[in-house]
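First up is the structure itself, then whatever we jot down about it.
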Amino acid sequence: MKARVLVTGEEGTFKDTFNFVISRDYISALSAAGLMPMLALDVKSAEAYTEQFDGLFLTGGPDIHCWRYGDVYADASQIRPMSRTRDDLEFTLCRHFLAAGKPIFGVGRGLQVINVALGGCLYQHLPEHPGALTA
């Protein structure tokens, strides 16, 4: 039987309603790797998802809200599109899968979620931190 992997998407709109959307490329790649991907839809189902799925795949996308890693915005111009709903879903799932000892994979934003969930921090805007990559 194929390993079942829970996949997160991002919020999008369709016919003026909010929906979770995901790139077909993620689904195709996971399927080609012999996995059975399914889209996570509801934060209230985090415990059930953790019991029923073998791993978690956190996709790329917009920034995590900086309060998640203890930072603040200096002014409104720094605020970029982000989703509190997606943050809540991914951080809750990450905590549950970590507690269960199940594998978590991340791409881009997904790696940032894993980092912050494990207590790491981020730079909001890397060009403002010269030498940050070499320190």
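Residue Leu111 is not grouped with residue Phe105 when hydrophobic side chains (ILVMFWY) are merged at heavy-atom distances under 4.5 angstrom, including chains of intermediate members. By the criterion of side-chain heavy atoms lying less than 4.5 angstrom apart, applied directly or through intervening Ile, Leu, Val, Met, Phe, Trp or Tyr residues, Leu35 is grouped together with Leu39 in one hydrophobic cluster. Tracing side-chain contacts under 4.5 Å through hydrophobic residues (I, L, V, M, F, W, Y), one reaches Ile64 starting from Ile22; they form part of the same cluster. Under a hydrophobic-cluster definition in which Ile, Leu, Val, Met, Phe, Trp and Tyr are linked whenever side-chain heavy atoms come within less than 4.5 Å, directly or via other members, Val5 and Leu41 are assigned to the same cluster.
A heavy-atom distance below 4.5 Å is not found between the side chains of Tyr49 and Leu56. Between Tyr26 and Val107, some side-chain heavy-atom pair lies under the 4.5 Å cut-off. The shortest distance between side-chain heavy atoms of Val113 and Glu90 falls below 4.5 Å. Residues Phe91 and Val116 form a side-chain contact, since some pair of their non-hydrogen atoms from C-beta on lies under 4.5 Å apart.
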Without placing hydrogens or testing angles, list every side-chain donor-acceptor pair under 3.5 Å for residues 92-104, not counting sequence neighbours.
unit_1: Thr92; atom_1: OG1; unit_2: Asp88; atom_2: O; d: 2.7
unit_1: Thr92; atom_1: OG1; unit_2: Arg95; atom_2: NH2; d: 3.3
unit_1: Lys102; atom_1: NZ; unit_2: Thr50; atom_2: O; d: 2.5
unit_1: Lys102; atom_1: NZ; unit_2: Phe53; atom_2: O; d: 2.8

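The pair Asp87-Arg109 meets the salt-bridge criterion, since a charged nitrogen lies less than 4.0 angstrom from a carboxylate oxygen.
Note that the CG atom of Asp54 and the CE atom of Met36 stand 8.5 Å from one another [nearest 0.5 Å]. Taking OG1 of Thr59 as the reference point, atom CD of Glu10 lies at 6.5 Å (rounded to 0.5 Å). Here Phe57 contributes atom CZ and Leu30 contributes atom CG; the two are 5.0 Å apart, rounded to the nearest 0.5 Å.
At least one donor-acceptor pair closer than 3.5 Å links the side chain of Arg86 to the backbone N or O of Gly9.
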